[in-house]
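Here the structure is laid out as structure tokens; the discussion comes afterwards.
Because the structure is predicted, anything quoted here is derived from the model rather than measured. When a residue number appears, it is its place in the shown sequence, counting from 1.
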Amino acid sequence: MAAQAAEVEGAQAKTEGLNPLWLQVKNGETGTTQSNGSFHASLINTYDPGLIQARPSWIAPALALALFGMILVFAVFSLVNGAAKLEKGFSGVEVLRWPKVDIVIHWLMAIPCLLLIVTGLALLSGRFVFGDYLGAEGVGALAGIAKPVHDYMAVPFSIFAILAMLRWMKHNIPARYDLKWFLVVGGYLNFGPFKGKHPDSGFSNAGEKLWFWCFTLFGLALIGSGAVMLFPEYINPSRTASLTAIMIHGASAIILTGFTVVHIFMATVLSEGGFRSMVTGYCDENWAKQHHNVWYDELKAKGNIEYREA
């Protein structure tokens with residue numbers, strides 16, 4: 001009898017153009033699930049199709065462009081412009097700029113950040129960037145390697161990025177003289193009316209402040225959206241929320257990747273003597289006077305400068 005009833009029901013469903021499952025729904029039948037999520041009673045998890053289309057249409061190529069495009073632009077700029085030299089050369093005397101704890105925080109944040117950029121590129125834009133060279137199987141294998149690295153590196157990056165935001169916020173409060181820094185491009189240009197200009201700067205110059213606040217804003221967006229993607233069993237997002245998190249994550253990654261390339265070039269190539277301060281904690285005194293004169297003068301007025309011989 002049960003088999004005959006099922007056969008009749010199936011025939012009726014076919015006649016009405018319905019799948020037997022939807023016929024059961026139409027008849028008010030209920031099922032069971034082991035899910036404890038807030039959406040377990042929803043038969044269909046709806047979402048905006050545009051959220052899926054955005055990933056391959058513009059997020060993936062934009063991330064690749066942010067990385068490789070900015071590297072190319074600043075590599076050419078560095079060759080044409082050269083570094084911002086110290087006008088008076090190295091003094092041989094160094095001034096304490098970064099405490100050791102800040103150096104540790106920086107590198108425990110920076111190393112995972114670089115790994116996240118590389119693995120994120122493989123995951124989000126792997127098919128777009130490497131598809132012609134590796135093929136579908138190669139891109140899949142690359143993603144298989146990148147996925148666990150990306151997931152594990154997200155944790156130390158998030159922790160030390162938030163610590164950096166909290167510790168360095170006091171150095172990045174906007175000041176009136178920051179506008180003048182932008183008007184002469186920070187004195188980093190070696191040609192035209194900009195050459196030899198050294199605008200006032202505090203502990204952080206205006207460009208570093210812009211980088212910090214972009215990093216803070218989009219970094220928190222990156223961390224928050226990443227948490228939705230990494231811990232769905234605890235956050236329990238809807239399908240739309242999950243896709244929105246992917247979009248926010250990708251867009252934030254694009255912006256931060258571009259800024260990170262600029263930050264690296266500015267610190268290592270375009271500022272003579274600038275990189276050593278984030279390695280040793282000390283900067284040359286002439287570098288401090290030329291690039292961060294307001295900070296240096298304030299320390300000197302208070303008698304708080306800690307010197308050491310280079």
**Item:** 4.5 Å side-chain heavy-atom contact, I264 and F74
**Value:** no

**Request:** Grab the two heavy atoms, one from L124 and one from A60, that are nearest each other, plus how far apart they are.
**Result:** O-CB, 3.4 Å

**Asked** Just wondering, do E272 and F90 contact through their side chains at under 4.5 Å, heavy atoms?
**Response** yes

**Request:** Search all heavy atoms of A66 against all heavy atoms of T257 and return the closest pair with its distance.
**Result:** C-CG2, 4.1 Å

**Prompt:** In Å and rounded to the nearest 0.5 Å, what is the NE2 to OG distance from H292 to S204?
**Reply:** 7.0 Å

**Prompt:** What is the minimum heavy-atom distance between G281 and L96, and which atoms define it?
**Reply:** O-CD1, 3.6 Å

**Message:** Any non-hydrogen side-chain atom of M266 less than 4.5 Å from a side-chain atom of Y188?
**Reply:** yes

**Prompt:** Between CG of D151 and CE of M229, what distance do you get to the nearest 0.5 Å?
**Reply:** 8.5 Å

**I59 and F128, any side-chain heavy atoms less than 4.5 Å apart** = no

**Prompt:** Roughly how far, to the nearest 0.5 Å, is the CH2 atom of W58 from the CD1 atom of I254?
**Reply:** 5.0 Å

**Message:** To check you understand the geometry: which heavy-atom pair defines the closest contact between P174 and W213, and what is its length?
**Reply:** CD-NE1, 4.4 Å

**Test side chain to side chain donor-acceptor pair (under 3.5 Å) applied to Y282 and R308, E94, E306, the passing residue** = E306

**Prompt:** Is there a side-chain contact between N172 and F215, using heavy atoms and a 4.5 Å cut-off?
**Reply:** no

**Request:** Could you tell me whether K180 and D200 have a side-chain N and a carboxylate O separated by less than 4.0 Å?
**Result:** no

**Message:** For a quick test of reading the model, state the closest non-hydrogen atom pair linking L270 to S78 and the distance between them.
**Reply:** CD2-OG, 3.7 Å

**Request:** Check whether any side-chain N or O of N190 sits under 3.5 Å from a backbone N or O of A83 as a donor-acceptor pair, and report yes or no.
**Result:** yes

**Derivation and outcome, side-chain contact (heavy atoms from CB on, under 4.5 Å), residues H150 and L116** = CA-CA 5 Å; H150 197 83; L116 287 170; 3.6 Å; yes

**Request:** Mind checking the OG1-CG spacing from T260 to L67? Nearest 0.5 Å is all I need.
**Result:** 9.5 Å

**Message:** Hydrophobic clustering (ILVMFWY, side-chain heavy atoms < 4.5 Å, transitive) - are L115 and L123 grouped together?
**Reply:** no

**Prompt:** Under 6.0 Å from the six-membered ring centre of F203 and within 45° of its axis: does the NZ or CZ of R97 meet both?
**Reply:** yes

**Request:** Please test E208 against W168 for side-chain contact (heavy atoms from CB on, under 4.5 Å), starting from the C-alpha separation and ending with a verdict.
**Result:** CA-CA 11 Å; E208 290 168 334; W168 302 344; over 6 Å; no

**Request:** Please confirm whether the backbone N or O of A175 pairs with a side-chain atom of D178, one donor and one acceptor, at under 3.5 Å?
**Result:** yes

**Message:** According to a hydrophobic-cluster definition based on side-chain heavy atoms being under 4.5 Å apart (Ile, Leu, Val, Met, Phe, Trp, Tyr only), do Y177 and F182 belong together?
**Reply:** no

**Item:** Test side-chain contact (heavy atoms from CB on, under 4.5 Å) applied to S252 and L217, L220, L222, the passing residue
**Value:** L222

**Message:** Nearest 0.5 angstrom please: T268 OG1 to H263 NE2, how far?
**Reply:** 9.0 Å

**Request:** Tell me, with the steps shown, if I246 and S242 meet side-chain contact (heavy atoms from CB on, under 4.5 Å).
**Result:** CA-CA 6 Å; I246 292 174; S242 297; 5.6 Å; no

**Prompt:** Considering the options V261, L63, L121, which one meets the side-chain contact (heavy atoms from CB on, under 4.5 Å) requirement together with F68?
**Reply:** L121

**Among S271, S277, S91, the one residue meeting side chain to side chain donor-acceptor pair (under 3.5 Å) with W287** = S271

**Message:** Grouping I, L, V, M, F, W and Y whenever their side-chain heavy atoms are under 4.5 Å apart, do L166 and F218 come out in a common cluster?
**Reply:** yes

**Prompt:** Tell me, do M70 and F265 make a side-chain contact under 4.5 Å, heavy atoms counted?
**Reply:** no

**Prompt:** Would a 4.5 Å heavy-atom cut-off, applied to side chains only, mark V95 and W295 as touching?
**Reply:** yes

**Prompt:** For the residue pair H291 and Y296, is the inter-centroid distance of their aromatic rings smaller than 6.0 Å?
**Reply:** no

**Item:** Same cluster (ILVMFWY, side-chain, under 4.5 Å), I71 and V129
**Value:** yes

**Prompt:** With a 4.5 Å heavy-atom cut-off, do R167 and I105 have their side chains touching?
**Reply:** yes

**Prompt:** In Å, rounded to the nearest 0.5 Å, how long is the span from CD1 of I159 to CE of M109?
**Reply:** 13.0 Å

**Item:** Smallest separation among heavy atoms of M169 and F212, with atom names
**Value:** CA-CZ, 3.5 Å

**Message:** Can a donor-acceptor pair be found, under 3.5 Å and without considering hydrogens, that links the side chain of Q290 to the backbone of H198?
**Reply:** no

